[in-house]
Amino acid sequence: MALNMTSRNVVKKVLAVETPEGAGARVRRSIGSATLRNLTPFLLLDHFHVSEGAGFPDHPHRGQATVTYMLEGSSRHEDSAGHSGTIQTGGVQWMCAGKGIIHAEMPVHGKNVPEPRGLQLWVDLPKNVKMTEPTYQELDPEAIPVAYPEGKDGNISIKVISGKSHGVESPVRPLGGCWYFHVLMNNGATMFQDIPAGWTAFVYILKGAVSVGESGPVNDAFHTLVLSNENGETGVRLTAATNDTSFVLVAGEPLDQTVFQYGPFVMTNQEEIQRTLMDYRTGRNGFEKAHTWKSKIGNM
């Protein structure tokens, strides 16, 4: 914990409006929308809800990490490198797409099973590791460490998905700096979270309401709050305005590089995107199985 606790404040507030995405999915998108296009290193934040019969069948990625965190229900995944499994409620999958991978993400539906809801965050990769081999880091709910700033009987719990909070550290090791916390607080509870100097940071409110800083206004659910990044600010003070307040706090090291995105491909210039499209069409440089591999879960 920093000795000098000077809080960041909100510099931009964006409401994530629920919109249809494909057949049967509904998404609240803030980062990656027209109102919040650039927030390096973050490319996209989707709060998704997937109805029965919908999903995300076989599709490619290159140049970014995708972080899928399940809030309710579960989701199966399978990819062209031979990985497969299920992300349970409260579990996370941190996939570094690197130079290229094809995968499917299919939420699980069934009788007396909650409809799948979760968050997907896209994090840009530093230019020098965009063409690395794909990797996965997966944590079941019980493997995600939890910090209790007031003790286990207190009013605050912090799931440390990546990074460090109140003496607790996640085993996840992203390429590029990124801290990701899921915070649960009761009315009136206050916490201060250190954030590395110079890092980009935001809060997304899942439920309830929260204020930021020493005397900031109350912000309601489904808002993304972009935090200031001034010299001398050592972290952020957060105060719950209702019981059962739930939000994620995410911080990342900004990248001094351009973003050139074409759908699921994220590179730094048009030439690299053209090369990526050629690699995908010709099945090389990470896309060797692009035209031969088909997932089981995405083609049932």
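Checking V11, N219, N9 one by one against L225, the side chain to side chain contact (heavy atoms under 4.5 Å, CB included) holds for a single residue, N219. Applying the side-chain hydrogen bond (donor to acceptor under 3.5 Å, both in side chains) test between S30 and each of D46, T35, T224 identifies T224 as the sole match.
The backbone N or O of N231 lies less than 3.5 Å from no partner atom in the side chain of E233, so there is not a single donor-acceptor pair. With hydrogens and angles ignored, the 3.5 Å screen pairs no side-chain donor or acceptor of E138 with any backbone N or O of V92. No donor-acceptor distance shorter than 3.5 angstrom exists from the side chain of D140 to the backbone of E142, with no hydrogens or angles considered. Under a 3.5 Å cut-off, the side chain of R8 and the backbone N or O of S228 do form a donor-acceptor pair. Without hydrogens or angle criteria, R173 side chain to S170 main chain gives a donor-acceptor distance under 3.5 Å. A donor-acceptor pair under 3.5 Å links the side-chain atoms of Q64 to the main chain of P264, judged by distance alone.
Side-chain contact between L119 and V248 is present, with at least one heavy-atom pair separated by less than 4.5 Å. A 4.5 Å side-chain heavy-atom check between V146 and I158 finds every atom pair outside the cut-off. Residues V259 and V266 form a side-chain contact, since some pair of their non-hydrogen atoms from C-beta on lies under 4.5 Å apart. Within the 4.5 Å cutoff, the side chain of P134 has no heavy atoms near those of the M95 side chain.
Identified under the salt bridge (Lys or Arg N to Asp or Glu O under 4.0 Å) test for residues 210-230, with sequence neighbours left out: E214-R237. The ring pair (Phe, Tyr, Trp, His ring centres under 6.0 Å) contacts involving residues 128-159 comprise H77-Y136, H83-Y136, where partners must be two or more places apart or lie in separate chains. Residues in residues 247-269 take part in these side chain to side chain donor-acceptor pair (under 3.5 Å) pairs, two or more places apart or across chains: D124-Q257, T268-E272.
Heavy-atom minimum distance, C178 versus F42: SG-CE2, 4.0 Å. Residues P145 and V168 approach most closely at CB-CG1, 3.5 Å, considering heavy atoms. Pairing each heavy atom of W94 with each of I161, the nearest pair is CZ3-CG2, 4.3 Å. Residues D244 and N186 come closest through the heavy atom pair N-OD1, 3.3 Å. Here the shortest heavy-atom pairing between A54 and A25 reads CB-N, 4.0 Å. Between Y204 and A16, the shortest heavy-atom contact is CE1-CB, 4.1 Å.
Note that CD1 of I31 and CZ of R29 are 11.0 Å apart. Values are rounded to the nearest 0.5 Å. Annotation: the span from T86 atom OG1 to E78 atom CD amounts to 10.5 Å, rounded to 0.5 Å.
Within a 6.0 Å radius of NZ in K13, other residues, nucleotides and ligands contribute more than 12 heavy atoms.
Between R275 and E271 there is a salt bridge, with a side-chain nitrogen of the basic residue lying less than 4.0 Å from a carboxylate oxygen of the acidic one. Under 4.0 Å is where a charged nitrogen must lie from a carboxylate oxygen, and between E133 and K99 at least one such pair does. For the pair K164 and D194, the salt-bridge criterion is not met [side-chain N within less than 4.0 Å of a carboxylate O].
For the pair R28 and F222, the distance from NZ or CZ to the six-membered ring centre is under 6.0 Å and the angle to the ring normal is within 45 degrees.
Linking ILVMFWY side-chain heavy atoms closer than 4.5 Å, directly or via other members, places F181 and F202 in two distinct hydrophobic clusters. Note on V27: it does not cluster hydrophobically with W122, by side-chain heavy-atom contacts below 4.5 Å among ILVMFWY residues. Follow the hydrophobic side-chain contacts under 4.5 Å out from L71 and you reach I144 in the same cluster. Tracing side-chain contacts under 4.5 Å through hydrophobic residues (I, L, V, M, F, W, Y), one reaches V10 starting from F247; they form part of the same cluster. Residue W179 is grouped with residue V160 when hydrophobic side chains (ILVMFWY) are merged at heavy-atom distances under 4.5 angstrom, including chains of intermediate members.
Side chain to side chain, R62 and T276 meet the donor-acceptor criterion of an N or O pair below 3.5 Å. For the residue pair S80/H103, the side-chain donor-acceptor check at 3.5 Å is not satisfied.
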Check: Step by step, would you call F265 with H61 a ring-ring contact (aromatic ring centres under 6.0 Å, His included)?
Finding: CA-CA 6 Å; F265 305 135; H61 285 282; 8.2 Å; no
Next item on the list: List the steps and the verdict of side-chain contact (heavy atoms from CB on, under 4.5 Å) for Q120 and V67.
Entry: CA-CA 5 Å; Q120 185 163 94; V67 186; over 6 Å; no
Margin query: Is there a side-chain contact (heavy atoms from CB on, under 4.5 Å) between L121 and V123? Walk through the geometry before answering.
Written below: CA-CA 6 Å; L121 176 70; V123 187; 3.9 Å; yes
Next item on the list: May I have the step-by-step check of side-chain contact (heavy atoms from CB on, under 4.5 Å) for V212 and L227, ending in yes or no?
Entry: CA-CA 9 Å; V212 177; L227 303 183; 3.9 Å; yes
Note to self: Please determine whether side-chain contact (heavy atoms from CB on, under 4.5 Å) holds for the pair M191 and M185, giving the CA-CA distance in whole Å, both sets of side-chain angles, and the decisive distance to 0.1 Å.
What the structure shows: CA-CA 9 Å; M191 61 170 275; M185 304 173 74; 3.9 Å; yes
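As a member of the Ile/Leu/Val/Met/Phe/Trp/Tyr network built from side-chain separations under 4.5 Å, L175 groups with L125, V129.
By the side-chain hydrogen bond (donor to acceptor under 3.5 Å, both in side chains) test, S211 pairs with no residue at all, sequence neighbours left out. T19 pairs by the side-chain contact (heavy atoms from CB on, under 4.5 Å) definition with nothing, not counting sequence neighbours.
Proximity of the aromatic rings of Y280 and H291 is defined here by a centroid distance below 6.0 angstrom, and this criterion is met.
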